[in-house]
Amino acid sequence: MLQCGTANPFGENAAYCLGVLASGGGTNLQAILNRSASGRLPARVGVVIGNNSKSGALVRARRAGVPAIHLSGRTHPQPGSLDRAISETLRSHGVNLVVLAGYMKKLGPATLESYRNRIVNIHPALLPAFGGKGMFGKRVHEAVVQSGAQVSGATVHLVDEEYDTGPIILQRRIRVAPEDTPDSLAGKVLAVEHELYAEAIRLFAEGKIRVDGRNVRILSERR
Ligand code: GAR
């Protein structure tokens, strides 16, 4: 895997550098790594930060030759020091866009300020429904199935100080079948997430995202 800032065989935009933060298994990270390696995504992963030293995401990053760094309350117990370490790690790796991929922690003010409007998150439902504190991973799909909702999907949004409240960038819907369980729904939504996240990152890398307050505008695409 090529690092950010090295010679670039995919054209100018391949220098666009991602810093991925992840807590869990890391399938969204893997989807990004795969697309980047094959030239389908004009961006590279410069660093992966995980708050869980044993997470699959850190294993996947190392396997791809990407710097994989464990930063958590364990490594940085002093108030504010974890936030500063995250923001410095992102900056020192030349990160342009911060990508939360199943990252279950809130970011602190230093990181939010350094990367204002350049931090994205993916949520496994159609926000503003089924979001907020405590709504992550399988819990989201359990709540959707229990509610009887007939549609769900994935949302990519900008990250602000709260959980799941930042301006929405892209959403994609899927139908919830009467026989869906939280697990079957999770699988369907995850497949959509992998496509949708790559699409959102591409738009950022190509400079096609404009943020105006709560409104995100996507500049028209010439293909
Ligand atoms: C994904 O479904 C992601 O949307 C979700 O965690 C999963 C991580 O999967 N994130 C949230 O619920 C955030 N509120 P992955 O580790 O396989 O990418």
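Just follow the structure's listing: the first ligand is 1, and inside any ligand the first atom is 1.
Shortest contact from atom 3 (C) of ligand 1 to any protein heavy atom: E193 OE1, 3.3 Å. What sits closest to atom 16 (O) of ligand 1 on the protein, heavy atoms only, is G26 N, 2.8 Å. Taking atom 11 (C) of ligand 1 as the reference point, the nearest protein heavy-atom neighbour is P124 CD, 3.7 Å. Residue, atom and distance of the protein heavy atom nearest to atom 13 (C) of ligand 1 are I122 O, 3.9 Å. From the protein, the heavy atom lying nearest to atom 9 (O) of ligand 1 is N28 ND2, 4.1 Å. Looking only at heavy atoms of the protein, atom 14 (N) of ligand 1 is closest to H123 ND1, 3.3 Å. With respect to atom 6 (O) of ligand 1, the closest heavy atom belonging to the protein is M104 CE, 3.5 Å.
Backbone and side-chain nitrogen or oxygen atoms of G24 are examined, and none is located within less than 3.5 angstrom of a nitrogen or oxygen of ligand 1. Ligand 1 has no nitrogen or oxygen under 3.5 angstrom from a nitrogen or oxygen of N121. Residue contacts with ligand 1: A101 is placed with no nitrogen or oxygen under 3.5 Å of a nitrogen or oxygen of the ligand (distance criterion only). Geometrically, ligand 1 and Y103 share no nitrogen or oxygen pair separated by less than 3.5 Å.
Taking a 4.0 Å cut-off on heavy atoms, V140 fails to register as neighbouring ligand 1. Ligand 1 is never approached by Q30 to a heavy-atom distance shorter than 4.0 Å.
Between H123 and Q171, every side-chain heavy-atom pair lies at or beyond the 4.5 Å cut-off. Annotation: side chain of L90 is in contact with side chain of I49 (closest heavy-atom distance under 4.5 Å). Between Y163 and F136 the shortest side-chain heavy-atom distance does not fall below 4.5 Å.
For the residues G137, G102, S55, the heavy atom positioned nearest atom 8 (C) of ligand 1 is part of G102.
A salt bridge between R202 and E206 is present, with a side-chain N of the basic residue lying under 4.0 Å from a carboxylate O of the acidic one. Salt-bridge annotation for E199 and R40: absent, with no side-chain N of the basic residue lying under 4.0 Å from a carboxylate O of the acidic one.
Using a 4.0 Å cut-off between heavy atoms, M135 contacts ligand 1 through its backbone alone, with no side-chain atom that close.
Residues that satisfy the side chain to side chain contact (heavy atoms under 4.5 Å, CB included) test with S55, not counting sequence neighbours, are N52, A57, L58. Residues meeting the side chain to side chain contact (heavy atoms under 4.5 Å, CB included) test with A177, sequence neighbours left out: R175, E179, D180, K188.
The closest side-chain donor-acceptor pair between S72 and R74, if any, does not fall under 3.5 angstrom. Judged purely by distance below 3.5 Å, without hydrogens or angles, the side chains of H194 and T27 pair a donor atom with an acceptor atom.
Close contacts between ligand 1 and T27 involve ligand atoms 15 (P), 16 (O), 17 (O), 18 (O) [criterion: under 4.0 Å to a heavy atom].
Proximity of a side-chain donor or acceptor of R60 to a complementary backbone N or O of G25 within less than 3.5 Å is detected.
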